Amino acid sequence: MSRADWEVVIGLETHVQLSTQSKIFSGSSTAFGAEPNRQAAAIDIALPGVLPVLNKGAVERAIRFGLAIGAKVAPRSIFARKNYFYPDLPKGYQISQYELPVVEGGTITVQVGEGDNAYEKVIELTRAHLEEDAGKSLHEDFHGMSGIDLNRAGTPLLEIVTEPVMRSSDEAVAYARALHALVRWIDISDGNMQEGSFRCDANVSVRKKGTEKLGTRREVKNLNSFRFLKEAIEAEIAYQIETLEDGGTIQQATVLFDPDAGETRAMRSKEDAHDYRYFPDPDLLPLVISDDWIARVKGEMPELPTALQARFRDAYQLSAYDAATLTASREMAQYYVDTVAAVGAASAKPAANWVMGELAARLNKEGRDITDAPVKPAQLAGMLARIADATISNSAAKKVFDALWNGEAASADEAIEKQGLKQVTDLSAIEPIIDEVLAANPKSVEEFRAGKEKAFNALVGQVMKASRGKASPAQVNELLKQKLGAA
Amino acid sequence: MSLTHDDVHRIARLARLELDDQEAAASLEKLNGIFGLIERMQAVDTAGVEPLYHPQALAQRLREDRATETDRRDAYQAVAPQAEDGLYLVPKVIE
């Protein structure tokens, strides 16, 4: 038996911190990084007699999410108390939603893998519900005591739950990435993973291929990077298959991933759902969302990544992978759309290559955001236009891009002029160069005549070099072939 | 359905209540009484009746998303049993 005999079943639960100014049930600020307990008001620290008042901004963000994934936004939903005892939860219960969540169903379509093995998969969602975050316990040394910071207590979260439909860690990561891009796209969360605004729990089980019954699952908690998500799932799959193949059984449990050791460790045996003794919170009336409200939110929604991807594929003939890459963020998509709008759809593919290639690489290298790229869409479009009309070669374009990036020129035309990068298309200028190159490389000429295609490319390279990148490669090709009698 | 002695201890543990055997026995009797009542209610045919989540037929009022609270940490921590460096201190709990 081996890995190939087993089918992996993964469901994800993601806690997305909503980008509201204030907490879900109190008027405390949600700003990150405040001194401990400076943003913990009476409601957050659970003083007796206080009552929660629901934040409209949190509800509105849940509606946006529901609309974005084509889910049902519940006209009426209910808040429930989830009871457990822990010092960073001073009420003794977390206000959450249980029986009637605000969002039910919906799907997210993801691209898994790239190149020839890439495929599309529709991930079904079970639900998304509103809830409050807990505080933080600091177990460092306080004379054998724990320190409690309640700034985070009451921060609004949307918990987004999938059906157990993912079959590999790659699919889980593709979904998590797509979800991360989506919540930022519709502006309901900053998605900052270092600050804990986007945390995944993975429910993992395995079963023999061809069987229907789900295996016993273990839940890997609190994964706050895509890399850890993948590694944790892989470690968990390996553990479960090894245990079962050795004749053991899987105990339902909550586990933590230790990235240093590369393994998962049981935290506690999974408490049954009813151990939380959920019941409707009498402090909160049913949340009623009117059709008018939903219609208004719908009218304010931006074009969604999936719609934009379809437009990129249909109107610009981009591959599914390119379309998905360019819609990784709203800012990147906007940059691309602006570039193509300025240069014309005929240059849509080169524009995609430059945005995903040179531009993305430079931004990445310098740790910049695309909104603050030194080369603006109009400038990139100007450069692409000069490639399209054969004024410059691709290699010269790199120099133009450099000049624009470093602020040495304000436009592509200026850079071309200043650096003399205009392609030489005058035959009388190129012919002598070609003759020189042929004379200087008799070996390559001989090899080409003997049938070596590579030798021809070497000669083209020599000519381009001798012309300092100014010759048009197409023209050089043609002329060389003529001279070698191969045309 | 009636509860066992073990059930009572489990429920007490979840609620962090310490019960001795005598108290557990008394609680068992009371809880079974409540279960008896629930059983009678569950015997009623409720097909087609919407579950009631709140006795008042009202909708939740919503608050505009604005930070309105001011920092009152010092006042809150003055009445806390123990606080240090702005943190509330509690007996160490690590699961």
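In what follows, every chain begins at residue 1, and chains take the letters A, B, ... in the order their sequences are listed. Since the structure is predicted, the reported quantities are computational estimates derived from the model, not experimental observations.
Here the straight-line distance linking atom CD of E64(B) with atom CG of N55(A) works out to 8.5 Å at 0.5 Å rounding. Once rounded to the nearest 0.5 Å, the distance linking CD of Q60(B) with CG of L54(A) reads 5.5 Å. L62(B) contributes atom CG, which lies 6.5 Å from atom CG of L287(A) (distance to the nearest 0.5 angstrom). Atom CZ in R61(B) sits 10.5 Å away from atom CG in L285(A) (nearest 0.5 Å). One finds the CD atom of E35(A) at 10.5 Å from the CG atom of L87(B) (value rounded to the nearest 0.5 Å). Put simply, CZ on F142(A) and NZ on K92(B) are 9.5 Å apart, with the number rounded to the nearest 0.5 Å.
Using a 4.5 Å cut-off between heavy atoms, S29(A) contacts chain B through both its backbone and its side chain. Of the atoms belonging to K136(A), not a single heavy atom falls under 4.5 Å from chain B. For chain B, the nearby parts of P36(A) are the backbone and the side chain; heavy atoms of each come within less than 4.5 Å. Proximity to chain B (any heavy atom under 4.5 Å) is restricted, for A40(A), to the backbone atoms N, CA, C and O. There is no contact between A83(B) and chain A, counting heavy-atom distances below 4.5 Å. Proximity to chain A involves both the backbone and the side chain of D85(B), based on heavy atoms less than 4.5 angstrom apart. Heavy atoms of L284(A) lying under 4.5 Å from chain B belong to its backbone as well as its side chain. F25(A) touches chain B through its backbone: at least one of N, CA, C or O sits under 4.5 Å from a heavy atom, while the side chain does not. If you measure heavy-atom distances from E60(A) to chain B, you find no contacts under 4.5 Å at all.
Comparing Q82(B), R16(B), E69(B), R73(B) by heavy-atom pairs within less than 4.5 Å of chain A, the highest count is held by R73(B).
Using a 4.5 Å heavy-atom cutoff, the side chains of R66(B) and Q21(A) are not in contact. Taking 4.5 Å as the limit, some side-chain heavy atom of H54(B) sits within range of a side-chain heavy atom of P286(A). Residues Y84(A) and L14(B) form no side-chain contact, since every pair of their non-hydrogen atoms from C-beta on lies 4.5 Å or further apart.
Side chains of S22(A) and R63(B): a donor on one and an acceptor on the other come within 3.5 Å. If you check the side chains of T20(A) and D65(B), you find no donor sitting under 3.5 Å from an acceptor.
Applying the 6.0 Å contact sphere to CD of E18(B) captures no more than 12 heavy atoms from other residues, nucleotides or ligands.
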For this session: Any chance you could lay out the side-chain contact (heavy atoms from CB on, under 4.5 Å) test for Y88(B) and D149(A), step after step, and finish with the verdict?
Result: CA-CA 7 Å; Y88(B) 295 94; D149(A) 177 6; over 6 Å; no
